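Just so you know, these numbers use all the heavy atoms, side chains as well, and skip hydrogens, waters and symmetry mates. Keep in mind it's a predicted model, so treat the numbers as computed, not measured. Quick note: residue numbers are just sequence positions, from 1.
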Amino acid sequence: MLHDETLPSREWWAQRWIDVLESFGFRQRLARARTYVREGHVLNLDFQGSNVTAQVRGTAPDPYQVKLKLDPFTDEQWEFVIDSMADRAIFSAKLLAGEMPQNIEEVFISNGLSLFPFSKFDIHSHCNCPDPVNPCKHIGAVYYLLGDRFSEDPFVLFQLRGRTKDSILEALRQRRQTESSPTPTPEPAAEPWSIAQFWHYTEQLDPSLVVIAPSSGETLLDILGEIPFPQDQISTEQRQALLAHLKDLYAQVGQAAVMQAMTTP
């Protein structure tokens, strides 16, 4: 049995819920509803998605069945709301800590929504008692007890609008993780390389960097020094003949390179 002797002070969001309800009128009925809560007439309070069901003991032998719900927001509306929450670090931090940010309503208002009901027509409730007026004292008792439940868990209020605590926290964690992890810049794929590319250059050379100078008479062989031929495989005469041939060949190549450079526009 749910029982509340003193109706303790509520968190601001729970009190906001009660203030909205009391602004709709029916003060005498709501006063009797508070008495029902204090005396423990609300036997249970169950949540099935955005629907609330309760059993409230009245004058009849069997408890009355109360149903209550708010209009849930669409998935698209919730995505906008969660994006707005994630944009403000204080909102994410407080919600992830299980607290309701003081100005949480701004997030919903900025997206054209209202977390709390605007009027009694935004609250859909039903009781099977014979009282034709809505809210009856049984529905009113559920209103007040919901305020206490909101104090214990502010995410219940979000649940009445269509999103559970777990789904909201997971969405906030994913957005924060995405923001804190920079997207790596993909490196361009390396093109396959072949030896033919070594001799092929298509870019225009800077004329100031190209200097054509006459040969000093030295060849690559003079710069590199003596070639270490294996002594047991080539004679001295063969080595000298090969060196003379290579030196002459490098000299011709150098001269041809200078001539081509001089004639190329």
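In this structure, F47 and L146 have side chains that are in contact, with non-hydrogen atoms separated by less than 4.5 Å. By the 4.5 Å heavy-atom criterion applied to side chains, F91 and L172 are not counted as neighbours. Proximity of R161 to D71: side-chain heavy atoms (C-beta onward) are separated by under 4.5 Å at one or more points. With contacts defined as side-chain heavy-atom distances shorter than 4.5 Å, the pair P63/V56 does not qualify. Here the side chains of I90 and K94 are in contact, with some heavy-atom distance below 4.5 Å. Between N103 and R88 the shortest side-chain heavy-atom distance falls below 4.5 Å. Under the 4.5 Å side-chain criterion, counting only non-hydrogen atoms from C-beta, Y64 is not in contact with H41. You'll find the side chain of V42 stays beyond 4.5 Å of the side chain of H138, heavy atoms only.
Between the side chains of E22 and Y144, at least one donor N or O lies within less than 3.5 Å of an accepting N or O. No side-chain N or O of R32 forms a donor-acceptor pair with one of T35 less than 3.5 Å apart.
Crowding of E76 atom CD: a count of heavy atoms from other residues, nucleotides or ligands under 6.0 Å not exceeding 12. Other residues, nucleotides and ligands contribute only 12 or fewer heavy atoms inside 6.0 Å of the CZ atom of F80.
Of the residues V52, L21, I18, V20, the one that meets the side-chain contact (heavy atoms from CB on, under 4.5 Å) test with Y143 is L21.
Using bins of under 30°, 30° to 60° and over 60° for the plane-to-plane angle, the ring pair F108/F73 lands in the tilted bin.
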I168/F158 under side-chain contact (heavy atoms from CB on, under 4.5 Å): CA gap, chis, key distance, verdict: CA-CA 9 Å; I168 291 175; F158 292 151; 3.6 Å; yes

Derivation and outcome, side-chain contact (heavy atoms from CB on, under 4.5 Å), residues M85 and V81: CA-CA 6 Å; M85 290 179 179; V81 168; 3.6 Å; yes

Steps toward salt bridge (charged side-chain N to carboxylate O under 4.0 Å, His left out) verdict (R163, D75): CA-CA 9 Å; R163 280 293 173 96; D75 289 341; 3.7 Å; yes

Intermediate values then yes/no, side-chain contact (heavy atoms from CB on, under 4.5 Å), L70 and I123: CA-CA 5 Å; L70 303 181; I123 306 172; 3.8 Å; yes

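Formation of a donor-acceptor pair under 3.5 Å by the D46 side chain with backbone atoms of A54 is not found in this model. Distance alone, capped at 3.5 Å, is enough to place a donor-acceptor pair between the S151 side chain and the E11 backbone. For W13 (side chain) and F150 (main-chain N/O), a donor-acceptor pair under 3.5 Å exists by modelled atom type. In terms of modelled atom types and a separation under 3.5 Å, the side chain of D131 and the main chain of V133 share a donor-acceptor contact. The closest donor-acceptor contact from the side chain of T74 to the backbone of Q77 lies under 3.5 Å. A side-chain donor-acceptor contact under 3.5 Å links S110 to the backbone of E106. Side-chain atoms of N111 come within 3.5 Å of backbone atoms of V107 as a donor-acceptor pair (strictly under, hydrogens ignored).
The minimum heavy-atom distance between W12 and P101, with the atom names listed, is CZ2-O, 2.9 Å. Across all non-hydrogen atoms, the minimal contact from P135 to G140 is CB-N, 4.5 Å. Here the closest heavy-atom approach between residue G147 and residue A14 is recorded as O-CB, 2.9 Å. Shown here for C127 and V66, the closest heavy-atom pair between the two residues is SG-CG2, 3.9 Å.
Using a 4.0 Å cut-off between charged side-chain N and carboxylate O, D87 and R175 make no salt bridge. Between E170 and K165 no salt bridge is recorded (no basic side-chain N to carboxylate O distance below 4.0 Å). Under a 4.0 Å N-O distance rule, the pair R16/E105 qualifies as a salt bridge.
One finds the CG atom of L160 at 7.0 Å from the OG atom of S50 (value rounded to the nearest 0.5 Å). Put simply, NZ on K67 and OG1 on T53 are 8.0 Å apart, with the number rounded to the nearest 0.5 Å.
L157 and I109 fall into different hydrophobic clusters, where Ile, Leu, Val, Met, Phe, Trp and Tyr are joined by side-chain heavy atoms under 4.5 Å apart, directly or via other members.
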